[in-house]
Amino acid sequence: MEKTEFIFLLLATCFHLTTLFPIPSKAEDTITPPQFITGNQTLISPSQNFELGFFTPKNSTYTYLGIWYKQIHIKNIVWVANRDKPLLDHNGTLTFNNDGKLIILNYGGSVLWASNSSGPAKTPVAQLLDTGNFVLKNFEDENSEEILWQSFDYPSNTLLPGMKLGRNFKTGLNIHLTSWKNIDNPSSGEYSYSVDPRGLPQLFLQKGKKKIFRSGPWYVEQYKGDPVLRENPIFKPVFVFDSDEVYYSFETKDDIVSRFVLSESGLIQHFTWNDHRSNWFSEFNVQGDRCDDYGICGAYGTCNIKNSPICKCLNGFEPRNMHDWKMLDWSSGCVRENSKVCRNGDVFKKFIGMKLPDSVEFHVNYSINIDQCEVECSKNCSCVAYAKLDINASGNGCIAWFGDLFDIREDSVNEQDFFVRVSASELAKETGIRLSVDTSKSEFELPFFEIAIIEAATRNFSFYNKIGEGGFGPVYKGQLPSGQEIAVKRLSENSGQGLQEFKNEVIFISQLQHRNLVKLLGCCIQGEDKMLVYEYMPNRSLDSLLFDETKRSALSWQKRLDIIDGIARGLVYLHRDSRLRIIHRDLKASNVLLDGEMNPKISDFGMARMFGGDQTEEKTKRVVGTYGYMPPEYAMDGHFSFKSDVYSFGVLLLELLSGKKNRGFFHPDHKLNLLGHAWKLWNEGKVIELMDPLLEDQVSTPESILKCIQIGLLCVQQHPEERPTMSSVVLMLDGESVLLPKPRRPGLYSERCFLETDSSSRGMLNSGSNDITVTTTVVEGRYLGSG
Ligand SMILES: *[C@@H]1O[C@H](CO)[C@@H](O)[C@H](O)[C@H]1NC(C)=O
Ligand SMILES: *[C@@H]1O[C@H](CO)[C@@H](O)[C@H](O)[C@H]1NC(C)=O
Ligand SMILES: *[C@@H]1O[C@H](CO)[C@@H](O)[C@H](O)[C@H]1NC(C)=O
Ligand SMILES: *[C@@H]1O[C@H](CO)[C@@H](O)[C@H](O)[C@H]1NC(C)=O
Ligand SMILES: *[C@@H]1O[C@H](CO)[C@@H](O)[C@H](O)[C@H]1NC(C)=O
Ligand SMILES: *[C@@H]1O[C@H](CO)[C@@H](O)[C@H](O)[C@H]1NC(C)=O
Ligand SMILES: *[C@@H]1O[C@H](CO)[C@@H](O)[C@H](O)[C@H]1NC(C)=O
Ligand SMILES: *[C@@H]1O[C@H](CO)[C@@H](O)[C@H](O)[C@H]1NC(C)=O
Ligand SMILES: *[C@@H]1O[C@H](CO)[C@@H](O)[C@H](O)[C@H]1NC(C)=O
């Protein structure tokens with residue numbers, strides 16, 4: 001059964017102590033000297049819940065003293081006294097020695113086992129309680145509650161309700177479960193389940209000395225790292241952590257009979273008694289899936305059961321041994337991509353929704369908050385990471401790890417965040433670091449660059465480093481000390497509109513990661529001065545090549561296909577696969593940047609909008625976009641949807657194939673724009689004439705370019721519902737022999753119908769573009785459509 005899916009229906013059929021155990025007969029529940037128990041004599045707890053006596057496992061000749069459920073016909077042994085010192089025959093005796101300790105004698109009178117009482121007792125009395133606890137007290141003082149010894153302090157493989165699993169700091173007692181050797185042999189097996197010996201409030205399952213499962217630390221009211229140990233309709237977990245002791249325990253609800261058992265094979269199972277079936281029902285195992293195997297992904301590796309493969313490195317880390325990783329052996333773990341931590345100005349990168357890691361060394365301070373925690377961790381170079389560790393819901397608590405981080409998993413049930421140290425030079429690659437932009441502190445996270453680093457990188461924003469200029473502000477090229485080239489977009493102080501777009505860009509792009517999206521490396525804020533830092537794109541923007549008569553030859557047919565494919569994939573990610581589901585709203589050639597290998601990267605998210613799960617369309621009064629790329633429903637009515645981006649993509653596709661701009665297209669024979677021209681050629685059956693003449697020798701078959709043109713025409717169809725989704729576009733582009741539908745009339749195919757009014761311009765990352773993004777206010781019926 002899946003870990004989180006308890007079948008609570010069973011509750012109705014669960015076994016209730018009160019209803020099943022009748023009020024007792026006159027069976028004994030206590031012994032006092034000189035009484036003894038031997039042979040088949042037993043003690044029975046007052047309400048007949050439990051029974052204590054000698055037993056011989058089914059396939060065994062040895063005899064043990066144990067406790068089992070009195071009313072359940074299956075003899076489930078919940079406790080064994082002399083598990084590692086069995087009686088070789090059936091002739092054992094439980095009695096007291098002169099110190100008042102409980103002892104087990106064999107036939108020859110030798111002591112096989114003795115209770116580890118805290119002191120001698122003159123008038124000892126041992127009682128089997130209804131909880132299943134066998135308790136030794138001194139009866140000298142009737143009011144004395146002092147327990148000299150109790151079986152609950154020395155569990156075998158079973159945790160009963162009310163029993164503690166933990167440590168007593170005063171007595172040094174380590175109350176833990178130990179598995180049986182095998183099903184017929186209660187002697188101590190290989191597995192143990194205990195509270196972290198280092199004092200961290202988390203549970204460990206070990207095989208010998210090897211850790212094989214970890215619950216993750218207790219947090220406020222639960223083990224965050226292990227959802228099945230949380231409160232549920234069957235039981236409520238109890239956790240106590242103070243200067244005397246730390247322990248985990250559980251209470252059942254409605255007297256349901258339930259227990260945890262550490263099995264011979266190392267499974268921690270939870271059972272409830274099912275009255276109707278007269279059997280135990282195993283509701284869940286504490287270990288859920290492979291990601292619960294301790295440290296399966298190695299150092300700095302993180303496990304997500306929904307991924308394939310399940311392991312990956314934390315962002316900013318890479319496999320130590322790629323070969324091992326390819327063989328799906330992740331145990332070698334990960335190392336920093338850039339090992340230069342602790343040089344200048346390290347920052348902490350936030351990881352969200354994780355099971356907190358484990359490490360050989362950690363420091364815990366329950367009285368400081370998360371901000372002080374960061375300060376403390378940043379003081380010592382060896383401090384690798386830190387997180388909030390709030391045990392008591394006090395709001396405070398800090399854990400800082402020293403040494404490699406292990407056993408991290410990410411998925412929706414783990415709700416904790418932690419922060420990992422990364423170097424300033426590594427910043428260049430990182431996203432997601434704590435930073436406050438404006439006052440909205442925890443709204444989003446992004447690497448932060450010191451202004452000094454930006455100044456040095458851009459030679460104090462030197463004129464020679466300037467690569468672009470727009471309404472938003474100038475763009476500079478720079479170089480970080482690590483050698484990485486960057487582009488710095490500087491927001492003009494007086495650009496009111498720019499500020500909103502700056503925030504938009506920071507919020508969206510810092511949360512997106514795809515090879516076809518430009519990467520925001522971080523930002524820098526110095527007073528009013530706000531800057532965005534991107535990876536530098538050596539080949540600038542697509543329009544600077546595509547619409548330049550001499551440079552266009554650098555764009556071969558194959559490169560254009562690759563660029564089309566890359567842009568399409570970037571859009572699929574934005575529309576469908578990213579967490580946010582984003583409409584770009586300003587896709588155009590000047591917003592597609594090209595890296596050193598001519599890979600396209602979509603840039604400029606200043607206009608982007610996030611769409612909710614089911615939302616498909618929205619309306620705005622403030623139309624922003626670029627003439628020539630805006631679909632009719634948007635330009636005229638302010639309606640935008642994922643299909644608006646599809647339209648812009650279609651325009652871009654036709655521009656790439658023809659080498660001509662849609663807007664500003666000129667043909668001596670008509671007044672149509674590029675779309676109109678393409679549609680005209682299509683209807684005349686000579687759409688091949690649209691092809692950029694530079695490609696003539698490169699296109700292997702006319703079919704390949706005809707297919708692309710057809711896809712382009714499908715994307716720019718007048719009605720949004722007629723246009724394909726970006727996912728279908730990718731399928732069409734990749735498919736060898738996909739049967740494409742016939743395109744219908746495109747929207748806005750006569751540019752000149754389109755009024756241009758009231759526009760304000762913005763600059764892009766590129767330079768010298770004429771494709772100005774405009775903002776207009778839609779007034780109903782103001783524009784004439786092409787239709
Ligand atoms: C206990 O054992 C004796 C013989 O050793 C037997 O006579 C008796 O029936 C047994 N009692 C029970 C309850 O099994
Ligand atoms: C009993 O134990 C023996 C040896 O330990 C084993 O070979 C046999 O299979 C066991 N029988 C049962 C029924 O478990
Ligand atoms: C157990 O004790 C009885 C006498 O009470 C004796 O007859 C029997 O042989 C003993 N069994 C063993 C295995 O010693
Ligand atoms: C008995 O108790 C003492 C302290 O209470 C402890 O140090 C010792 O390990 C215990 N022995 C056993 C066998 O549990
Ligand atoms: C939790 O709260 C209890 C009672 O308020 C206190 O005694 C204990 O020290 C606290 N534990 C931690 C770890 O703060
Ligand atoms: C916790 O941190 C505070 C502030 O740094 C310090 O004064 C205190 O001694 C620390 N407590 C422990 C237990 O380390
Ligand atoms: C930093 O932490 C490590 C590990 O706890 C410790 O050994 C070292 O002394 C600390 N260094 C400083 C400067 O406090
Ligand atoms: C940048 O300007 C500051 C003064 O504003 C100056 O101290 C620094 O040397 C300049 N750096 C460079 C690289 O020109
Ligand atoms: C793209 O950039 C790379 C690296 O700077 C350069 O070698 C190449 O010539 C550029 N290509 C074009 C078409 O400009």
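Atoms within each ligand, like the ligands themselves, are counted from 1 in listed order. No hydrogens, no waters, no symmetry mates; every other heavy atom, side chains included, goes into these values. Position 1 is the first residue of the sequence, and the numbers go up from there.
- Close approach of ligand 7 to N380 (heavy-atom distance below 4.0 Å) involves ligand atoms 1 (C), 2 (O), 3 (C), 8 (C), 10 (C), 11 (N), 12 (C), 14 (O).
- Under a 4.0 Å heavy-atom criterion, H363 is in contact with ligand 7.
- Separation of the Y300 and F317 ring centroids falls under the 6.0 Å cut-off.
- For the pair R198 and F362, the cation does not sit on the ring face, since its NZ or CZ is not both under 6.0 Å from the ring centre and inside 45° of the axis.
- Judged by the 6.0 Å and 45° rule, K349 forms a cation-pi pair with F351.
- Taking the six-membered ring where tryptophan is involved, the planes of F241 and Y366 are perpendicular, since the angle between them exceeds 60° and thus also 30°.
- Rounded to the nearest 0.5 Å, atoms CD (E376) and CD1 (I368) are 5.0 Å apart.
- Remark: ligand 7 atoms within the under-4.0 Å shell around heavy atoms of E361 are 4 (C), 5 (O).
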Mind listing the N or O contacts between ligand 9 and protein, cut-off under 3.5 Å?
from, atom 1, to, atom 2, distance (Å)
ligand 9, 2 (O), N539, OD1, 2.6
ligand 9, 2 (O), N539, ND2, 2.7
ligand 9, 11 (N), N539, OD1, 3.0
ligand 9, 14 (O), N539, OD1, 3.0

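- Taking the six-membered ring for Trp and thresholds of 30 and 60 degrees, F419 and Y386 have nearly parallel ring planes, at less than 30 degrees apart.
- Under the 2.5 Å cut-off for SG-SG separation, C334 and C313 qualify: their sulfur atoms lie closer than that.
- Ligand 6 places these atoms under 4.0 Å from at least one heavy atom of E376: 5 (O).
- If you number the atoms of ligand 6 from 1 as listed, the ones under 4.0 Å from a heavy atom of I368 come out as 1 (C), 2 (O), 3 (C), 4 (C).
- Side-chain contact check for N465 and R459: at least one donor-acceptor pair (N or O, by modelled atom type) lies under 3.5 Å.
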